[in-house]
2 protein chains.
Amino acid sequence: MIQSPVWRSPITASDRVLAEIQQAIVAGEIPAGSKISEPELARRFAVSRAPLREALARLERCHLIERTPNAGARVVTLSTAGLRSLYEIREELEGLACRLAAEHMADDEIADMRRLLDQHLQEQRVREGESYYQEAGDLDFHYRIIFGSKNQYLINILCDELYYLMRMYRVQLGMNGPRVSRAFDEHKAIIQAIANRDGELADLLMRRHIAASRRHIEIQLQQMGK
Amino acid sequence: MIQSPVWRSPITASDRVLAEIQQAIVAGEIPAGSKISEPELARRFAVSRAPLREALARLERCHLIERTPNAGARVVTLSTAGLRSLYEIREELEGLACRLAAEHMADDEIADMRRLLDQHLQEQRVREGESYYQEAGDLDFHYRIIFGSKNQYLINILCDELYYLMRMYRVQLGMNGPRVSRAFDEHKAIIQAIANRDGELADLLMRRHIAASRRHIEIQLQQMGK
DNA sequence: ACTTAGCAGATTGTCGACAATTATAATTTA
DNA sequence: TAAATTATAATTGTCGACAATCTGCTAAGT
């Protein structure tokens, strides 16, 4: 199993406050663009400034805050331009992940994924169009493929460094909505291609899948008048 | 100009030791795979453990060290598998950078790059086959294209997080050698495609360019008997 | 002789305080 | 009145020391 440098299980105080601040930022509890005060956060989470600074360093790694020397840190500001930048990279790297997964995933891993997908299908029939599926199921799907690539750096970039920022966009700009059944079909086609060891096709399908998701988000943003 | 979270100009003590340790690791002065002792490094670079730990956190971000909680940090070990993982990502992302650069680079930026390339050509005729060109010229070329993409996350990933590891492989596994003139021609073709605003072609050419570089390295490694 | 339990040593994580730098506001001057 | 300047205040960067945890060795027991 690969050791994740940003999330190792929350045993130390630094890990705990990291998880709490991450959640607070993603949820918008600490507003986007606001300045971060180290003493204030230290009091709020009942730790010293040493573990807090370590947590801030890792938050910077996740692109959730931006620091300038001797001038403090600010929570990132969300923008449509930033979202597009993020998805440009995501499209490319998850396509690569598909190609590598088709090459490196073990047969039983693929079988596991199909079982998982069938399980999601049953749940989906019950809670039709609920956004919870989009959260858990979609992410689980993408996670498994990324880990299936067996490429350590790829896993780090997608699951550690860019993941929380993507979630922040999802939560704060309100990207729920249906598109579930179509996404589900796309997921199934991607798995099928990987099972056939057709990396090129899986790559293509994943790029389309993410591009479709991006268009969906852009439309939703336009309707919000952003 | 984009603020780089890992290299902001070395004004603080943390930045200074970061730069020194980076150089020491890349050069192999601190051996690959060796365990890192915080008190020892603190004495060696004449700083307290606080800025040293901040530097270590950023070294981890560059994939130059690996930390396990309550058990210390180790310098990464180099391997052909790791090198391949690195180049898989590099190929993908620098291809994307080309496509975006063809879209976003200003005309004078492109003109600047052509001047730079002509300048390299003149230097190259003088010191034929010298490995210094490969270092400075090649990197400068790739840097400019990456920055030309105007994608902040792409710039961070390629120029901050993966750059030093690539240099480490270059230095320690001895990737010098000629291949200069061919690389130069490839560079020129890529610029031409960007100038023509043909992102798709620039993408393809850059992927080939990097793939060729990878094959060259793999052959060299095989000859070394690694 | 081998395994296991306990102990010693060292290392990492955390804390509170001090020093250096920067942002802010009041004050002075043109 | 507005701009420049100084002084104050708050924040960040750094330091040395203490506490919690892990590693390796010693010693006892089976």
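Chain A is the first sequence line, chain B the second, and so forth, proteins listed ahead of strands; every chain is numbered from 1.
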Between [atom2] on [N] and [atom1] on [X], what's the gap in Å once rounded to a whole number?
X	N	atom1	atom2	value
A/R74	D/dT12	CZ	P	12 Å
B/I65	C/dT12	CD1	C1'	13 Å
B/F45	D/dC15	CZ	C1'	19 Å
B/R49	D/dC18	CZ	C1'	11 Å
A/D15	D/dT21	CG	P	13 Å
B/R43	D/dC15	CZ	P	15 Å
A/L52	C/dT14	CG	P	11 Å
B/L18	D/dG13	CG	C1'	15 Å

A/T12 side chain near C/dT14 phosphate (N/O to OP1/OP2, under 4.0 Å): yes

Upstream residue (5' side of DNA chain C) when A/K35 and A/A46 are each assigned their closest nucleotide: A/A46

Criterion side-chain contact (heavy atoms from CB on, under 4.5 Å) against A/H209, the qualifying member of A/E91, A/H142, A/E94, A/R214: A/H142

Taking only the side-chain heavy atoms of [X] (C-beta and beyond), determine which of [options] contains the nearest atom.
X	options	answer
A/R53	C/dT14, D/dT12, C/dG13	D/dT12
B/S48	D/dG13, C/dC15, D/dC15	D/dC15
B/S37	C/dG13, C/dT11, D/dG13	C/dT11
A/P51	C/dC15, D/dC15, D/dT12	C/dC15

Sidechain N-carboxylate O distance under 4.0 Å for [X], [Y]:
X	Y	result
A/R115	A/D118	no
A/E92	B/R99	yes
A/R49	A/E40	no
A/K150	B/E88	no

Base, sugar-phosphate, or nothing for [X], non-hydrogen atoms under 4.0 angstrom?
X	value
B/A13	sugar-phosphate
A/L56	nothing
B/I36	sugar-phosphate

Most 5' of A/A73 and B/A50 on DNA chain D, judged by nearest nucleotide: A/A73

